Structure formats: C-alpha cells, structure tokens
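Treat the numbers as computed from the prediction; the structure is a model and nothing was measured. Residue numbers begin at 1 in each chain, while the letters A, B, ... track the order of the sequences.
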Amino acid sequence: MVTATATTEMSRAYQVAASVTDPELPMLTLADLGVLREVTEEDGVVRVTITPTYSGCPAMDTMRDDLVHALREAGYRDVDVRTVLHPAWSSDWITEEGRRKLAEAGIAPPGPAPRRSGPIPLTLTPPSSRVPCPKCGSPDTVETARFSATACKALRRCRSCDEPFEHVKEI
Amino acid sequence: MTQLQEHFERTIERDQRIEPRDWMPEGYRKTLIRQIAQHAHSEIIGMQPEGNWITRAPSLRRKAILLAKVQDEAGHGLYLYSAAETLGADRGELTERLINGRQKYSSIFNYPTLTFADVGVIGWLVDGAAICNQVPLCRSSYGPYARAMIRICKEESFHQRQGYELLMTMMRGTEEQRQMVQDATNRWWWPSLMMFGPPDDQSPNTAQSMAWKIKRHTNDELRQKFVDMTVPQAEALGVTLPDPDLKWNPERGHYDFGEIDWAEFKRVLAGNGPCNAQRIATRRRAHEEGEWVREAAAAHARKQRERREVAA
Amino acid sequence: MSAVSKMAFDNAYEAITEENDARWAYGTGFTDPLAGVDTTVPAEVDGADLAAYCLMLGDDALILSHRLQQWCTHAPELEDEVALANIGLDLLGQARMLLTRAGKADGSDRTEDSFAFFRAEHEFRNVRLAEAPNGDFAFSMARLLVFATWRLALLQRLTSSIDPVLAAIAAKGVKEVTYHRDYAAQWVVRLGDGTELSHERMQAGLDAVWPLVGELFEPHPVELRLGPAAVDVRELRPEFDEVIAQVLGAATLQVPDAEPLAGVSGKAGRDGVHTEAMGYLLAELQSVARAHPEATW
C-alpha cells in the first residue's frame, strides 16, 4: 500500500476492508490489487477509499457494495466508500502477495509499468517482452491477443508446453 | 494395452491431468475437441442475444456492465479456442464447422432477447445454468480445459450476480418493469432447463465422457441442482417460475418440476428455433466480411518475416 | 492445484451458492462514477464553461463508444471483437466520468444518464468524426487512429489542467488511449502493407475520414475562455501530423489531401450541428431510456 498510513494498516477496519476480494479476480483482495487506497476511522465513521483500475471498470459498484457489507458484518454501522482518481491506478500497485496469487492461478503477473515523460511513443510491432509461462516457467511465450476477457489482461501462449495463459498488462 | 495407454489410464484414474504434450487416445482427443469447440462456439454465438441490447442499454452503468460482459464472452471464446488448439485443432476450421452447421452451440442462444429485462434474466438463469454445467468441468481431466474453466467460472459468477442485481432493481421500479421481468422469466425458464441436455437415459455421450472424467455429473443431476438453487432466488426476487408442477418434495429433499417439452428441444437442436438461422447468418457474415482483413494480416506477417530474413 | 481446492467442485450446487445468499439480498443502489471525489470547481474557472467542455470531451467518447459497440459480433476476428469492445468500454468509462463532472461543474447536478439519454441532438457537442457510421473495417480503423492520436495528445496535456478532476480523468485516459492508438495504428499498417485489396481499402478509408479531421483542431470559444483548465487544440496538430506520418509511412499509404467537411453557417459538432447520421444514433442510444422515463435501472 502506498498511501495508507501505518496506523490505518493496523486498524481492524482496514483488515476487514483489505480482505474483500475483487469480483472478477476473486483470488485477489482489493488490497492485493492496489485498488484499496485508504481506510480511516473518525467519529465512528469508516471511510474507505478505492480507485478504479480502468475508467470503464464495471465492478466499482460491486466492490463498493462488498466493502459496505463486509464492514457492516464486522460491526461498523457507518461506512462511506469513496472513489479517488488521482493518482491513476498502476499495475505496479499489485502487491507481492497479489503477484504470487495471480501466478498460482495461472495468470502471469505484470512486469514494471512504463514510466514516461514527453510524447508517448507509438508501438507498431508488439513488444517482445519476456513473460515467463506461469505453468512451466519457460520464457519462450508469445502474445496472442493484446486484449482479453477483462481490460487488464492480454492472452499469451507458451511455446514450450503449449499452455494458453493470461497476463496482466503493465499500465 | 500399450505402455502409453496404460500411463494415460493411470493418470485418469488418479485424477491427475492430461497435458497437451502427453499421449492420448484418438477418441479422447476427438471428444475433447468437439466439446471444447462447442463450448467456444456457445460463448461466441452467446454474444449475439446480449449484444443486441448494448447500444440501447437504458443507463450508462448498465451499458458498461453489459459491454464488459460481452467482452468477457469473446475473451472466453478466445481462450477456449486456444485450449482446442493445444489438441491440434485449427480455429479457422472450427469456425467453418460452426457456420456450416456441422458443430453445435448451446441451443439457448436460439431464443430472442425481446426487452432489456432479458439481459438480467440471461444473467440469472442462463449464466446460472451454465455455471452449474461448468463448475464440474473445472475438474476435467484435460489440463488446459480445466484451467480455462476455473477462470471462466469465476468471471461468470460475477455476471450472474450482476444479472440478478439488475432484476432486483427492476422489480423495485415501475409496474411495467416488474411485468417485463416476469415476462422474460416466463420465456427463459424452460429453455434454461433444456441447457442441461437430454435426460440421462437418452444422452448418448455421457457414459464415455464420465469414464474419461471429461464430464463429472449427469445431465439430470445438474438440472436438479439448478432447480433447487433457483427456486429460492425466484422467491426472493418476487417472480413466479412458469411451472404449476413445481413444488418441494420433502422425501426426495429436492423440488419436483414439470415435464420438459423435449419435442421443442429437438426442434431447436435440429435448427428450427426462433433464431437459429439468424445467429448463424450473423456469424457467417462477420466471418466472410472479415476475410479480406484476415488475409491482409497474414500477408503482412509473411512480408515482415521475409524482410527479417533478408536483413539477417 | 490449490485454486481448485478452494471451490467445492464435487458439488456444483455448493460451489455456486456458498458465497451467494448474503451478497444477493441487496442491490447496489445507484452511485455516480465520481462518488466521493471532490468536485468543487476551482475559483478561477467558470463552471458553465467547464461543464460545456466536459460535455465536448465526454460526448466524443460516448458517441465513438456507441459506434464501437455496433461492431460487436461483426468484427473480422475474435481478437478484434475483444479489442473493440474493450476500447468502447474504456471510452464509455471516460464519458461517464466527464458527463458526471459536467453536472457537478454547472451546479445543475444532472447525472450522466440525464445527459446521455435526455438531451436533444443539438445539445450534443461531439465532433462529427465520432458519429460517422462505421463503414468497413478500414474506415473504422482510420477513424480510430485519427481519434486516438488526437485524443491522446489532448489528454496528455489535459493532465496539467487547473481543474484537478479533469486532470485526474485525463491521466487515467492517457494510459488507456495509448493502447487504443497502438491497436488502430497496427491495423492501419497491416492493411496498408497487406494485400493489394487491403491497401486500396485502407487508403479509401483514410480518404473518407480525412474531411472530418479539420474540425478536431478548430478551437471552440469555450476552450479558449477556459485557458489553463483546457487544452488549445491548435497546439496538437504538429504531434498529430508526426504520428500519422509515422504510421502511414510504415503502411505505405498517402496522407490524404482533403478539404475539411463544411459546417452549416460555420457551425459543426462542437456547436451542436451534426450530420444526418446522428439522429439515428441517438434514436438507438436513447430509445429504451425514453420509453420508460419513470423507470430505474
């Protein structure tokens, strides 16, 4: 977590919020994904801040609901879930734990996101990034589709064991 | 029995996975290609009834949810075709077989979507039935298929929840909306029950597929589970399932339900449902109109390869 | 595999009901895409102008998203089916935030849906490029290349807008539109370099799109009045030309030489004066929402 302070990480409300899972990648929690930005408690109100991965993320309402539900179950009556857009979510925010869980589920975790200044260069040929196969570990894999079932993933194939697998894109 | 065959049988027996580069009997390979291809075709054809409402979705939030869902289906089709390719199948050939009517897809998609409530009911009933069918496939003996199914099931249970949530919202809306939901439920209920396939005593492929652990439950078992799961959901929603014979049977510990119209099932399966011709025609048109595009991509890739070879 | 053991796969019933009941008992209610974001308009920015500007950028995204949605189930290959839906979804997401921002900026508190479904055609402020019917795949890729190249250049500059909400929406958009531009550019190269037929069709697609390019670089008085809250589109032209030249060079295609499409008495999309295609687009977009104005979805 980048913005949550040590005290909020310790709090029970944080622990509850952090255990809520992503609706589409339920092996990951919102904390693993870096979507959970902050949890504060003030005058009995728990304020949870989340950020969308992509502008068109269709799961924000569901996450908000699940957070409210989980916190109410844990005894917090007054829960306020807020969206924050800045800074924009980056795949770099997926935690080590999140990366491990992705790999375990057969999804290749993202490499480091590009850091840019100035005009963004055009990519005319798909980059030959070396994404190791989550099944056999071979680095000999190819991208077969830039976009996959959800916005955050691309589809690849391993040339060693033939496994088709998804890869979380670097953004 | 050869050594290879013995190894295969033992792997199946121990509930371990067969992987693409393992030896497998030709019958196993063929059965799997057929099953995975039909599953992939179903994802792709299944985009049409829902895709029908994306541009008209009555709120931007519902539009985003629906668009994301249809994208998911295309993505699922994509990774299922990839799984079929690990068995040596060719996606182009499988698509040809679909548009020539030689390979099937789920009959449910041969029914029309007539109001926006259908979007919710498809999520609730059709995705619900699909998940019942698919969850056991996560333990299919063929590795890439089983792993694809795990991901697909997780994503689809999210769709089901969103579909149900749309219906809940509509039921809390106007009287007209409530009627839309009931009407859509009436139209989709029986076709959903048909999704589990013919009754066990008339299902030709079940026995071998069960032995090979490609399939894990019989059609009737899964159908019963679906009914048991859905009745309380319908009650919570406040809609009536259109079956006067539907009632709890305490002795069996299950709901009894009425006779399915298998004649209708066969008619739709034979190609005479309300939308069979339309669905295939749409798929065929996209395939044919895209041919020049695919040819161009292949030609460009070839030229690129040649350029690299010349440079090297 | 451990992922398997987490679900009770032996029992399909349990596997799908284990987590359901409690979560399904309630709906999500309605929440806007900027719930909880501080939408105060900075003191030096005019709220009405800012709202109009948000509608311009939001309508561009909403209307092009609609055109991309129309590709659904008609794309040449499955990969493109996924990509076009994904790009449409990204743009729809951007539109939702921008329309919501508009309703907060002008103080009317109108929602994204009120803007999308209950405005008349002349109140839509998108450029005409966005509303043009899809044509063939070549036309659609030419349009997407032009749109994404222009929008990326715009959003990148908008990240330093003095309106923090607009800047944040833009920063998210930059990441997304980078992919959109690459996708379109790669197709333009494949089609231009591919076969004789595809080369011809790609050039024809570009030629047909080009009259709609000029409008993108005509600043509207609202944009100019907003100063550092907005971007002066005239600044974008050199970067746009450079990127297009790079793509068309690789694709062995010619940059078209076309007169900009005339407006009506000098008015065009940004002023709410559209093409004939727009009426049909809105009829489709708005039909269900308008048939049930009292409904909640």
Tell me, side chain or backbone of [X] under 4.5 Å from chain A's heavy atoms, or both, or neither?
X       : value
Q94(C)  : both
L91(C)  : neither
V189(C) : side chain
P164(C) : neither
A250(C) : side chain
L92(C)  : neither

field: Members of residues 157-171 of chain A whose heavy atoms come closer than 4.5 Å to chain C
entry: K169(A), E170(A), I171(A)
What part of [X] is in contact with chain C, defined as an atom under 4.5 angstrom from a non-hydrogen atom: side chain, backbone, both or neither?
X       : result
P114(A) : neither
T49(A)  : neither
S91(A)  : neither
R64(A)  : side chain

Provide the closest heavy-atom pair for [X] versus [Y] in the form atom of the first, atom of the second, distance.
X       : Y       : result
I87(C)  : F147(A) : CG1-CZ, 4.2 Å
H86(A)  : A168(C) : CB-CB, 3.9 Å
K172(C) : P52(A)  : NZ-O, 2.9 Å
L85(A)  : L34(C)  : CD1-CD2, 3.6 Å
S55(A)  : D90(C)  : CB-O, 4.0 Å

statement: Checked V68(A), L122(A), D80(A) vs chain C; the most non-hydrogen pairs under 4.5 Å come from L122(A)
task: Sort out for me which of E79(C), R181(C), E77(C) touches chain A most, counting heavy-atom pairs under 4.5 Å.
output: R181(C)
query: Measuring from N86(C):CG to K153(A):NZ, what's the distance to the nearest 0.5 Å?
result: 11.5 Å
field: Interatomic spacing from CG in L89(C) to OH in Y54(A) - rounded to 0.5 Å
entry: 11.0 Å
task: Answer yes or no: are there more than 12 heavy-atom neighbours, outside E242(C) itself, under 6.0 Å from its atom CD?
output: no
- line: Which of I120(A), L124(A), T123(A), T125(A) passes side-chain contact (heavy atoms from CB on, under 4.5 Å) with D182(C)? Answer is T123(A)
- request: Check whether any side-chain N or O of T83(A) sits under 3.5 Å from a backbone N or O of A35(C) as a donor-acceptor pair, and report yes or no.
  value: yes
